[in-house]
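See below for the structure under consideration.
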Amino acid sequence: MNSDPYLSHLPMKRGCSPQTITAFRSDLQLFNTFLKGRSVSRLSIVSHAIINEYIGHMRQKENPRFGRKGLADASIARRLAAVSGYIEYVPANRDHPLRNPLKDLSNKWKKNNDPKPVDELTLELLLTGATNLRDRVLFTLSSPAV
């Protein structure tokens, strides 16, 4: 799996930072190692079952950085995003069709930038900590109606 063309196009097409490119390179190398360990030699063979096995592998992997077992959901999601992006890139630049098994994966692994509601306790702490009138008004307006 030669991911260099994909990684070199990311800064131009998606504006990715050098740190993101480095992380994606590592993510794709880890996925390639996983595939080789299962004797999967072509991306066209990658199925939902293999992706689910990869997710299980990442959940069971030792994580010496934090002294626990398994990667955080955010780390798994980023690795899956790197793999999905690569799988999408390959058929766009070659003549053979390739189905992306990550496309219809559970929403749990998809990035969600939607705003999250603030709970009552956090809102109260923000209100008590607000020292100027403008901030107090903003926090009060954003609080749920009683």
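Computed from a predicted structure; not experimentally measured. These numbers come from the heavy atoms of this one structure, side chains and all, not from hydrogens, waters or symmetry mates.
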4.5 Å side-chain heavy-atom contact, [X] and [Y]:
X	Y	value
Tyr6	Leu28	yes
Asp73	Arg59	yes
Leu30	Ser26	yes

Please enumerate all residues that pass side-chain hydrogen bond (donor to acceptor under 3.5 Å, both in side chains) together with [X], with sequence neighbours excluded.
X	result
Asn100	Ser84, Glu88
Arg136	none
Glu53	Arg38

* To do: Apply side chain to side chain contact (heavy atoms under 4.5 Å, CB included) to Thr20 and list each qualifying residue two or more places apart in sequence or on a separate chain.
  => Cys16, Ser17, Phe24
* **Residue list, side chain to side chain contact (heavy atoms under 4.5 Å, CB included) with Thr33, at least two apart or on another chain** =>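 By the side chain to side chain contact (heavy atoms under 4.5 Å, CB included) rule, Thr33 matches no residue at all.
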* Asked: Taking a hydrophobic cluster as the set of Ile, Leu, Val, Met, Phe, Trp and Tyr residues connected by side-chain heavy atoms closer than 4.5 Å, whether directly or through intermediates, do Val137 and Leu125 fall within one such cluster?
  -> no
* Structure fact -> Taking every heavy atom of Ile50 against every heavy atom of Phe34, the minimum-distance pair comes out as O-CE2, 3.9 Å
* Asked: Shortest non-hydrogen contact from Pro101 to Ser47?
  ->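 Closest heavy-atom pair between Pro101 and Ser47: CB-C, 3.8 Å.
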* To do: Among residues two or more places apart or on two chains, list those pairs meeting salt bridge (charged side-chain N to carboxylate O under 4.0 Å, His left out) that have a residue in residues 24-35.
  =>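 Residue pairs with at least one partner in residues 24-35: Asp4-Arg25, Asp27-Arg78, Asp27-Arg79.
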* **Spatial distance of atom CG (Leu102) from atom OH (Tyr86) [nearest 0.5 Å]** =>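 Here the rounded value is 13.5 Å.
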